[in-house]
Each structure stands twice: as structure tokens, then as C-alpha cells.
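A short write-up of the structure that comes next.
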There are 2 protein chains.
Amino acid sequence: MVKGTRERIMDAALRLFGQRGVAGTPVTAIEAEAGLSAGSGSFYRHFADKDELVAEVVDREMARVAKIPAAQVSRAVAGTPAADALAGQLLADLDFLRQLLPMIEILMWERGRLPDLAARVQKVMLDRGIELGVADLLLCAPTAPVREDIAAAAAVMTSAVVGYFLTVEYFGAPPLQIDPQRFTTTLARMLAGTSPTGARPDSVADEHHATDQTPT
Amino acid sequence: MVKGTRERIMDAALRLFGQRGVAGTPVTAIEAEAGLSAGSGSFYRHFADKDELVAEVVDREMARVAKIPAAQVSRAVAGTPAADALAGQLLADLDFLRQLLPMIEILMWERGRLPDLAARVQKVMLDRGIELGVADLLLCAPTAPVREDIAAAAAVMTSAVVGYFLTVEYFGAPPLQIDPQRFTTTLARMLAGTSPTGARPDSVADEHHATDQTPT
DNA sequence: GTCTATATTGGGATAGAC
DNA sequence: GTCTATCCCAATATAGAC
């Protein structure tokens, strides 16, 4: 079954919006990218105007992201030392951000024109990223500075992941050429304490947010 | 002495570019913001076209930022406890990013069209942010995970600061409502080790960023 | 439901008076 | 060196044939 034109238009738009921005993407370019004749109004047989398209694309993308199960990694690393478990979680967070990337890009271009979009993206990130992260921190054996102010530590954790991700996206290379493995490992140890030998017993990160939560 | 029209145009453009992007800012709006009659081509008596204006604005901004003295804090906090000194440095880094904000905003809008701009902004940030940060880390009594991989720790530090800053800018509020003080304090302790009692004497936040830096 | 063709608007840029 | 007026083009959107 071949995708309908409407779907192809939305796919094309998502691609182009990220690259050139909504305002920078003429309808004619979307038509071309979707395999329609550029300049023909064929687009308008499927959407009333560009704003409607933007809204639909955003909605579809948010729905898709909301369905991404959040718990894969945390569950999988049950039984590993705290820092390693957390490092795995952080790698998964980077991956989650990569999946959010089209939305983030649209948000960057349109945050002035679509103020509510920021709130929606933030909500998804909060739900998936930060709360889970805090749970992990509480279950780990956190380092002293973390224990002193867990919320602040969670903010540091999230900020670091977001900053690393955006640096890669915007500058094309990670800060100081540190690859994701090294980055997440170091960050995790700063949060959960160094796991020197792999000694950490167990029962740390076992039981939580195990349930896969594919909804409805 | 009143600013010349050329300067006022550049000021207006910098303001508008950040808010609405370069492509989203018509020349007519720049004229209006600069106190000229919108729609009159008066703009073109000062710049060949919009691209030239963008280039000039970027150049002026980069020159301004390059002049911002970087060392205030690091120098001033000599002798203070490692974590407190570092926290001060991180606060200053946040402030430095705030001063870079117009450039960052332009970069976000134009990174596709002005690929070299990304490299220039990155260079400024590297020069001012990361290298100093690494120096501080080496001089501190770093925590174990930091000592293990200083470069990775510096990447974490920078990413966290950048991520925190951008979160505030894009979402209007810091992650988990953690204010800059709490954020930098926690991050600093994760890097430099906790400074337990707060017994630390004096001379902490006195002497730094004193020098007014009005150039030329 | 896609095409060709076209009306329309908004914004970049120029001409020439003052 | 700023104005009014205008040109021009790119992009939105529509009309109507097929």
C-alpha cells in the first residue's frame, strides 16, 4: 500500500521545515519534494494553507513521540552498577532527543509564531526525560552533591544532555570531540558516583519503570 | 553625539533578527525600527542589500564579544575554595552566553545559510568558555570522575551550562525551576567536590568583575 | 486529484524629487 | 540622506481543464 499524497506532503514538509524553517520553505518546494509538480496548486487539494499543514505536522509528530516507550534502557540495565545504569539511561535520553529533533527544529524556527508549541515540547521532555532521570537518581547511590539537592542535580543532568545534543546538532561536532559514550559515562559517574570495579551489588536499578507502556 | 543612521539600522536589525529571524524581518520593518519611513528605500543609502547588513551586524557583534574580558572571575577568586570559585566561574559563563545571545539567535535562524557563522561562534565559545573551564578544573581539587577524564568533564560542564542557558531562553524558565545559583553551585560541586561547611572565610565574591570594561 | 495558467500580495530594490 | 513612487520577483492561493 503506497502512502497517500497527504502523507507524502507531511513527510516532505517535516524534512524541509527542519532544514530551512517553515517560513523558508515555500509551498512549491514542498510540492516538489512530495513528488508533485512544483507551482501547481495541488498542495491545496490537501491542506487549506501552509498554517494548517504546520499544525497537522506538529500534531502528528507529537503523537508519534508520545508513543515512544521510555523504559527500554532502564529495564534492560537492571542489575548493573548505578553509574552504568544511569549512563545507559543518558544514552537513551540522547536518542530520545534525536527522535524529537524535527519538533525541536520546528520549535526553534517557530517559537515566536507558535508559542504553545514550546509548552508541548517541554511537556514531552519533562514527562520522558526529567522525571525518569530523577527516579533513577533516587534509586542510585548518588554522589554527595547530588544527595544534597536532588532537583538541582536533575537539572544539571538534563541540561548537560540537552546542551550536548544541541551542540552536536548546531556545530556538527560534540564539545571537545567527546563522543557520546565518554560523555554519558562521565556525567553518570558525577551523578551516581564512580563505579570503579563494577562492584556495586544489585537491587539498585532493578525494579523500576519496568512496564512497557504502549498506550491504548 | 547622536548615533548615525547606519548605527541605528544595525541596532534595530540586531534586535529584530533575534526576535523574528533574518528572513522574517523585512527591510521595511528595519527602517521603521530605525526611525526611518517604512517602505522608503532609505535603508539602501547605507547598505547595498540585506545580506550586507547581516554580515556587518555579525561582524560588529563578534568584535564586541571578542572584547569581553574573560578572566575577571578566574583571577579574582584565587584563594577561594575550589567549588565556590568554579561556581562563580559558571555564573560568569552564563552571563557570557547572555551577551552572546544575539549571535546565538542569528545562528539558530541562519545556520543553514551562513555555515561559517557557526564556526565563528563556536570559536568564541571555545576560547572563552571551555579553555578557561579546563584550566579551572585542573587547578581545583576535582572529584574522582573528573580526574579520570578531564576533557570529558569539561564537555559535561560546558554542555550543562549551554543546555541550562538555552532551556531558559527557549522555554522561558529553567529546568525544574532551579535558579542559576542553585544550578551552578550543584554543578560546581559535582566537578570540584563538595565544599562542606561553608566555613569559607571571605574574599569570595568581593573583588571580581569590578573593572568596568568600556572599550576604546 | 493533478495539471496549466493566472490573479494577488508582500517584500526587495531602484529612480528621481527635494 | 530621506522622502514618494514605482518596478520586479517570489510565493500564496485560486480557476478551470483534464
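Letters go in sequence order (proteins before strands), and every chain restarts at 1.
- Spacing between atom NZ of B/K50 and atom C1' of C/dT14 amounts to 17 Å, rounded to whole angstrom units.
- A donor-acceptor pair under 3.5 Å links the side-chain atoms of B/Y164 to the main chain of B/I178, judged by distance alone.
- In this structure, B/D49 contributes its side chain and B/E52 its backbone to a donor-acceptor pair below 3.5 Å.
- For B/K50 (side chain) and B/T25 (main-chain N/O), a donor-acceptor pair under 3.5 Å exists by modelled atom type.
- Ring orientation note: the planes of A/W109 and B/W109 are nearly perpendicular, at an angle over 60° on the 30°/60° scale.
- Nearest-nucleotide assignment on DNA chain D puts the 5′-proximal partner with B/G39, out of B/G39 and A/S40.
- The existence of a salt bridge linking A/D93 and A/R98 is excluded, since no basic side-chain nitrogen approaches an acidic carboxylate oxygen closer than 4.0 Å.
- The two atoms that bring B/R189 and B/T143 nearest to each other are O-CG2, 3.7 Å, heavy atoms only.
- Scanning residues 26-34 of chain A for heavy-atom distances under 4.0 Å to DNA chain D yields A/P26, A/V27.
- Nearest to the side-chain atoms of B/L36 among the listed nucleotides C/dT4, D/dC3, D/dA13 stands D/dC3.
- Scored by the ring pair (Phe, Tyr, Trp, His ring centres under 6.0 Å) test, B/F165 finds no partners at all (sequence neighbours excluded).
- Electrostatic pairing of B/R6 and B/E56 counts as a salt bridge here, judged by a charged N lying under 4.0 Å from a carboxylate O.
- Closest to the side chain of A/S37, from the set D/dT2, C/dT4, C/dT2, is C/dT4.
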Problem set entry | Trace of the side chain to side chain contact (heavy atoms under 4.5 Å, CB included) decision for A/V22 with A/R113 | CA-CA 10 Å; A/V22 175; A/R113 253 168 34 97; 4.3 Å; yes

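- Classification of A/D179 and A/R182 as a salt-bridged pair fails, no side-chain N sitting under 4.0 Å from a carboxylate O.
- Here A/E105 pairs with B/R111 in a salt bridge; the nearest charged N to carboxylate O distance falls below 4.0 Å.
- In the set C/dT4, D/dT2, C/dG12, the nucleotide with an atom closest to the side chain of B/S42 is D/dT2.
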Problem set entry | Candidate pair B/D127 and B/K123, rule salt bridge (charged side-chain N to carboxylate O under 4.0 Å, His left out), full reasoning | CA-CA 6 Å; B/D127 288 354; B/K123 184 178 184 323; 2.7 Å; yes

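- Taking atom OH of A/Y44 as the reference point, atom P of C/dT2 lies 15 Å away to the nearest angstrom.
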Which protein N or O atoms sit under 3.5 Å from an N or O of nucleotides 16-18 of chain C?
unit_1: C/dG16; atom_1: O6; unit_2: B/R45; atom_2: NH2; d: 3.2

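- Atom P of nucleotide D/dT2 and atom CZ of B/R6 are separated by 13 Å, given to the nearest angstrom.
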Dump the pairs, protein N or O against N or O of nucleotides 7-10 of chain C, anything under 3.5 Å, distances to one decimal.
none

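- Using a 4.0 Å cutoff on non-hydrogen atoms, no part of residues 8-24 of chain B comes near DNA chain C.
- Straight-line distance from the NE2 atom of B/H46 to the C1' atom of D/dT2: 8 Å, rounded to whole Å.
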Show every donor-acceptor pair shorter than 3.5 Å between a side-chain atom in residues 28-39 of chain A and any protein atom, with sequence neighbours excluded, or say none if there are none.
unit_1: A/E31; atom_1: OE1; unit_2: A/G39; atom_2: N; d: 3.0
unit_1: A/E31; atom_1: OE2; unit_2: A/S42; atom_2: N; d: 3.3
unit_1: A/E31; atom_1: OE2; unit_2: A/F43; atom_2: N; d: 3.1
unit_1: A/E33; atom_1: OE2; unit_2: A/R15; atom_2: NH1; d: 2.4

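- Using modelled atom types, one finds a donor on one side chain and an acceptor on the other under 3.5 Å when comparing B/R8 with B/T5.
- Counting to the nearest Å, the P atom of C/dG1 and the CZ atom of A/F47 are 13 Å from each other.
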